[in-house]
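Have a look at the structure below, then the notes.
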There are 2 protein chains.
Amino acid sequence: MENLTLLFKEKNLKLTPQRYAIYKYLKSTKSHPSAEMIYDNLKANYPTMSLATIYKTLKTLIELGVVIELNVGEDNFRYDANTSQHPHIICLSCGRVDDIENADFNFLDDEAKKYTDYKIDTHQLYFYGICPECQKKSE
Amino acid sequence: MENLTLLFKEKNLKLTPQRYAIYKYLKSTKSHPSAEMIYDNLKANYPTMSLATIYKTLKTLIELGVVIELNVGEDNFRYDANTSQHPHIICLSCGRVDDIENADFNFLDDEAKKYTDYKIDTHQLYFYGICPECQKKSE
DNA sequence: TATTTGTAGATAATAATTTTCTTTTAATAG
DNA sequence: CTATTAAAAGAAAATTATTATCTACAAATA
C-alpha cells in the first residue's frame, strides 16, 4: 500500500488511521460491504469512529480511483477495492454480492461504441440470480 | 394497451386514471424518468396526484413486469417501460439516460454461466460516457 | 343502485447519506 | 523534538428519496 501513501501525499490528503483501516478492510474482503457493514466491522478496533467518517472516506477513496461504488439495486451502495473492470453477481434471495472472476468482458465498451454516439468511458455489468447456498436451501 | 387492462383484471387490481397515465407516460418517452420527473410531467393534467401515488404505482407496475427499475448511480431510481433486455448508457456530464438499441447482448447470461455457480436470472448493463450534446459543448 | 374492496392523496415516518461545526491530529517546518 | 497549520474526526443536525399510515373516495361487481 506504499502507493496509497504516495497518492495521499500528492493530493495533500492525510492518511489517517481511520482512512487506512477502511481501505485495508475493503482490500481484504470480497464481500462488497455497504458503509454500514464497514462500520460494524471496524467498530471493534475503532470504537470512536463515526459513520460520517466512513462515508467521507469512501468518497475520498472513490475520487482517488482506488475504490468503486456499486449499485446493486438495494437501498444502499456497496463498495469494492478491486478497481479492475469486472462484473458482479447479486443473489436475489440473500443479497450477497460476488465477483465474476476470470471472465473477460472488456470488449463490451468497444462493442457498444458501434451502437451509440456517446464517448464511452466505462461500464458496469450486474447479473442477478440465486447463489449456490440459496439454491441448496430451497431444495 | 388492452393487455394492461387484462393484466390488472387478472390480479384484481384497479386500472385507475392515475395508474394508466403513469404507464402511458412511461411508454411514450425514452427519457427514463425518475419518480419526481414523472410527477412533474403529469402534474399539469392531474393536479391532485401525489408523489406517493407515483411511487406506489411504479411498484405495482414493476411487480406486474411491465416496468423496469434502473439504477444508474444517482441518488434516485429511473424507470423504463421498455422491458426487453437492453443496455443503457448514462451521460456523466448531464445525467441523461439513453437506450442502446439494436444491439444484441442476450448472450451475456450464457457467457456468465461459465464462470459462476449462480443460477442466473437476468442482468443489467450500464455504460457511462459523454453524450453527443455534451461533447459538442466542451469543444 | 348498493356494496365491497382497493386506491388516491395528505401527511408522517424511515433510513441512507450529507452537512455543519468544533475539537483533534497528521504532516511539515523550524 | 516542538510549534504550526491545514485537514480530518466525531457528534449531531439536516437533507432527501422512498415508504407507511390513515381516511375519504371511487371502480368493479352483484
Are any protein N/O atoms closer than 3.5 Å to N/O atoms in nucleotides 2-6 of chain C? If there are, list each pair with its distance.
{"from": "C:dT5", "atom 1": "O2", "to": "B:Lys14", "atom 2": "NZ", "distance (Å)": "2.9"}

task = Provide, to the nearest angstrom, the distance between the CG atom belonging to B:Leu4 and the P atom belonging to D:dA27.
result = 16 Å

key: A:Asp80 versus A:Asn82, side-chain donor and acceptor atoms under 3.5 Å   = no

message = What is the separation between atom CD on B:Glu74 and atom C1' on C:dT17, rounded to the nearest whole Å?
response = 15 Å

key: Parallel, tilted or perpendicular: rings of A:His86 and A:His32 (30°, 60°)   = tilted

note = Separation of D:dT18 atom P from B:Arg78 atom CZ, nearest Å, is 11 Å

key: Whole-Å distance separating the CG atom of A:Asn76 from the C1' atom of D:dA17   = 13 Å

query = Could you give the CE-to-P distance, from A:Met37 to C:dA16, as a whole number of Å?
reply = 13 Å

ask   = Can you tell me if the side-chain N/O atoms of A:Gln18 get under 4.0 Å from OP1 or OP2 in D:dG10?
value = yes

task = Specify the separation, in whole Å, of atom CG of A:Leu15 and atom C1' of D:dA9.
result = 14 Å

ask   = With sequence neighbours left out, what residues match A:Phe77 under side chain to side chain contact (heavy atoms under 4.5 Å, CB included)?
value = A:Glu69, A:Asn71, A:Tyr79

note = Residues A:Tyr128 and A:Val72: closest non-hydrogen pair is OH-O, 2.9 Å

query = Taking atom P of C:dT25 as reference, at what distance in whole Å does atom CZ of A:Phe8 sit?
reply = 18 Å

B:Thr16, nearest nucleotide to its side chain (from D:dG10, C:dT17, C:dA8) = C:dA8

message = Is it the case that the side chains of A:Asp99 and A:His88 hold a donor-acceptor pair, with the cut-off being a distance below 3.5 Å and no angle test?
response = yes

Strand contacts (DNA chain D) in residues 47-62 of chain A, 4.0 angstrom heavy-atom criterion = A:Thr48, A:Met49, A:Ser50, A:Ala52, A:Thr53, A:Lys56

query = Where is the tightest heavy-atom contact between A:Leu26 and A:Pro33, given as atom of each residue plus distance?
reply = CD2-CG, 3.7 Å

task = Classify the ring geometry between B:Tyr115 and A:Phe105 as parallel (under 30°), tilted (30 to 60°) or perpendicular (over 60°).
result = perpendicular

key: Among A:Asp110, A:Asp109, A:Asp117, salt bridge (Lys or Arg N to Asp or Glu O under 4.0 Å) partner for A:Lys113   = A:Asp110

query = Starting at NZ of A:Lys43 and ending at P of D:dA11, how long is that distance when rounded to a whole Å?
reply = 13 Å

query = B:Cys131 and B:Arg96: which non-hydrogen atoms are nearest, and at how many Å?
reply = SG-CD, 4.0 Å

